[in-house]
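Remember, predicted model here, so these are calculated numbers, not experimental data.
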Amino acid sequence: MRTRIHKMLILTGALALALAGCGGGNGNTNGGAEASGGSGAAGGETGAATVKVFKSHMGLGTMPAADDPHVKYIEERTGVRYELETTPPGSEPSEYLNLMIASAELPDILRPIGGVEQTLIQQGGALPLDDLLPEYAPNVWKSIPQEAWDIVRSASPDGKIYYIPKVFLVPERAPMIRQDWVEKVGKEMPKTVDEYVELLKAFRDQDPNGNGTADELPTSGREFGRWMDHLFAIYGVAMWEGYPEWDIYDGEIQYAGVTDNMREAIVFIRKLYEEKLLDNETFLNKGEVWQAKINNNQVGSWYHLPASVRDRYNAILTKAPDAYIAAMPLPKAEGFEPFVTQKSMGEPEWVIPSVNEKNAPNALKLLDFFYNPENEEFVRFGLEGHQHEVKDGRKVILPPADNKPIALGMKNLTTEEDMEKRIEETYPEDQQQMVKDMFMVSKADARQIAGDGLPASVYEGYPDIQSHKLFQETLTKIVIGELPIEAFDEYVAKWKASGGDEVTKRVQEWYAKVKS
């Protein structure tokens, strides 16, 4: 622990020194059009400006070279060369990004991780974009709703726009259920929590996957209690991929992790665990293990993204040709209003470091290319033979692979119309209605939470509150039976005393500012 704290102190000091050199947005000899390493420099023989774009979590694929057809296509239409950078294999993304910032080796535009945008904003390392966006990225400016820009402004001390937000106007996540299993055990979609428990018992006991072995996992989640939001949602708990969020409870915005709703949800989840209705390896499951269990026709009920169900569904079909996945309407628990957490706007998506101010127009031109409706077809499908192929007159996106360049993209704005097109153009015809129905069901249960767009700055000085570490430890130990449910009350008191009350005060001040 001492080593890690020492490392973070060194990092914080280096970061402060690096940002101090940013000159509050005026640029310097380490950045802008004259930056070393190519930022803004002429791109080879074409004379195009180069924009370094940093993302993490790229998945399969190689970094596209300067002569990659995808790169060249964008360059020909923008005069800007897209140079993608990402975290090296095995590195922790947020630590790597912080070290990059501390070393002053900054990309021209970056996707922030772990609240780093607030560090940049507060220390003068993020470029204000209010005047630049309408001039150099008019499609971005027009596409993003005013409400989202207002939330972005609320996240800065001077009310300026320091980042481009993600906007997702349809519910991203939904409780998923094997409809074919429901039918095989002679049940109907559950309307109450008791009916849901009975359905899970039938999944456990009646061999719905038909392999003659009692290997079914009625429902499952991942380590730290992640990706099992459907079990919390039944009790009206605002959760996002296993992290408690901020929403209105007892008339005020509060952390969902310390509410009576959360306590009741944990009681329920503990019961499922005791009766082996919740995968007893849940708190050991890495992401790939959890996914493999679903793909292997073992899990009856889970929580994920309807838009990304295709590969999972196709894997299940190899073992269960009659498989059918549906979105499950949330069952009702007496005294609680269930809902699926929706975060529609305000999450930071792109930041331009002020040290690279001179190259900001090029970075914004590049970003605007992906938001321009005229480029919609290319953004979705890329180039034939590289990102897609044509089968029976339809464009079919090719799956990523280790030996193929990563497809370039920057847009993160999704409307209902966008999603409709995405489903029709990326799913086989016999799967399209299944996925559309998932969105209809999740839309009926979804609710935008009050804390949508909450800036990470509210956690300044309280990293343990921001990390949800105390919540995750308490949840795990109570559910697996190491602690009694009364330990939840002790956790709440500890959370409040260790900074929770101060963070709550900040969140409530932010919310009042947004509402006004």
Check: Hey, is E85 close enough to K55 for a salt bridge, meaning N to O under 4.0 Å?
Finding: no
side-chain hydrogen bond (donor to acceptor under 3.5 Å, both in side chains) filter on Q466, not counting sequence neighbours, yields none
How about W510 and S154: does a side-chain donor come under 3.5 Å of a side-chain acceptor? yes
Could you tell me whether the side chain of L470 reaches within less than 4.5 Å of the side chain of D464, counting heavy atoms only?
-> no
(Q) Can you confirm whether L120 sits close enough to V351 that some side-chain heavy atom of one is under 4.5 Å from a side-chain heavy atom of the other? (A) yes
Task: H304 vs V309 side-chain heavy atoms within contact, under 4.5 Å - done: no
* To do: Tell me, yes or no, whether the heavy-atom count around R310 atom CZ, taken from other residues, nucleotides or ligands under 6.0 Å, exceeds 12.
  => yes
* How about E105 and S103: does a side-chain donor come under 3.5 Å of a side-chain acceptor? -> no
Answer yes when K293 and E281 have at least one side-chain N-carboxylate O distance shorter than 4.0 Å, and no when they do not. yes
Note to self: Can you confirm if the aromatic rings of F283 and F224 lie within a centre distance of less than 6.0 Å?
What the structure shows: no
Q) For I406 and T62, what are the C-alpha separation, side-chain angles and deciding distance, and is it a side chain to side chain contact (heavy atoms under 4.5 Å, CB included)? A) CA-CA 6 Å; I406 293 167; T62 59; over 6 Å; no
Check whether any side-chain heavy atom of P218 lies under 4.5 Å from a side-chain heavy atom of L278, and answer yes or no. no
_Closer than 3.5 angstrom, by distance alone: can the side chain of Q206 be matched with the main-chain N or O of A202 as a donor-acceptor pair?_
no
task: Decide, yes or no, whether a salt bridge links E216 with R204 under the criterion of side-chain N to carboxylate O below 4.0 Å.
output: no
Requested in this report: Apply side chain to side chain contact (heavy atoms under 4.5 Å, CB included) to I101 and L106, showing your working.
Outcome: CA-CA 6 Å; I101 292 171; L106 292 165; 3.6 Å; yes
Is a side-chain donor-acceptor pair under 3.5 Å present for N209 with R178? no
task: Would you kindly say whether T415 and D418 are connected by a side-chain donor-acceptor distance under 3.5 Å?
output: yes
For Y162, the side-chain hydrogen bond (donor to acceptor under 3.5 Å, both in side chains) test, sequence neighbours excluded, returns D158
Practice item. Assess the side chains of S301 and Y196: does a donor N or O sit below 3.5 Å from an acceptor N or O? Key: yes
**Report entry** Verdict with reasoning, Y303 to V340, per side chain to side chain contact (heavy atoms under 4.5 Å, CB included)
**Finding:** CA-CA 10 Å; Y303 190 84; V340 170; 3.5 Å; yes
Please walk me through it: do N285 and S220 pass side chain to side chain contact (heavy atoms under 4.5 Å, CB included)? CA-CA 9 Å; N285 285 339; S220 184; 3.5 Å; yes
Residue pair I234 / H230, side-chain heavy-atom distance below 4.5 Å:
no
(Q) For Q122, I'd like to know if atom CD has over 12 heavy atoms of other residues, nucleotides or ligands within 6.0 Å. (A) yes
Review point. For M440, does the CE atom sit with more than 12 other heavy atoms under 6.0 Å from it, leaving out its own atoms?
Key: no
### Query
Is there a donor-acceptor pair closer than 3.5 Å between any side-chain N or O of N261 and the backbone N or O of Y235?
yes
Problem - Polar side chain donor-acceptor pair, S94 to E92, under 3.5 angstrom - result: yes
Legend entry - E274 bridged to R270 by N-O distance under 4.0 Å: yes
Requested in this report: Determine whether K404 and L398 make a side-chain contact, defined as any pair of heavy atoms from C-beta on separated by less than 4.5 Å.
Outcome: yes
- prompt: So, K187 and E198, do they make that salt bridge, N to O below 4.0 Å?
  reply: no
(Q) Quick one: does any side-chain atom of T318 pair with a main-chain N or O of A315 as donor and acceptor, under 3.5 Å? (A) yes
Has D501 got more than 12 heavy atoms of other residues, nucleotides or ligands less than 6.0 Å from its CG?
yes
Any salt bridge linking E509 with R506? Criterion: basic side-chain nitrogen under 4.0 Å from a carboxylate oxygen. no
Is the NZ atom of K436 crowded by more than 12 outside heavy atoms at less than 6.0 Å?
yes
Donor-acceptor under 3.5 Å (D247 side chain, A450 main chain) | yes
Below 4.0 angstrom, N of the basic side chain to O of the carboxylate: do D489 and R263 qualify? yes
Applying ring pair (Phe, Tyr, Trp, His ring centres under 6.0 Å) to Y313 and not counting sequence neighbours gives none
*More than 12 heavy atoms of other groups within 6.0 Å of K443 NZ*: no
Checklist entry - Quick one: is the NZ or CZ of R447 closer than 6.0 Å to the six-membered ring centre of F339, and within 45° of its axis? => result yes
Could you give the side-chain donor-acceptor pairs of residues 168-177 under 3.5 Å, partners two or more places apart or in another chain?
{"residue": "E172", "atom": "OE1", "partner": "K166", "partner atom": "NZ", "Å": "3.4"}
{"residue": "E172", "atom": "OE2", "partner": "K166", "partner atom": "NZ", "Å": "3.1"}
{"residue": "R173", "atom": "NE", "partner": "E241", "partner atom": "OE2", "Å": "3.4"}
{"residue": "R173", "atom": "NH2", "partner": "E241", "partner atom": "OE2", "Å": "2.2"}

Residue pair R312 / Q291, side-chain donor-acceptor N/O under 3.5 Å: yes
Sorted by chain and number, sequence neighbours left out, ring pair (Phe, Tyr, Trp, His ring centres under 6.0 Å) with Y511 holds for none
All heavy atoms of L97 vs all of V116, minimum pair found to be CD2-CG1, 3.6 Å
Residue pairs meeting ring-ring contact (aromatic ring centres under 6.0 Å, His included), one or both in residues 456-486, sequence neighbours left out, come to Y243-H468, Y255-H468
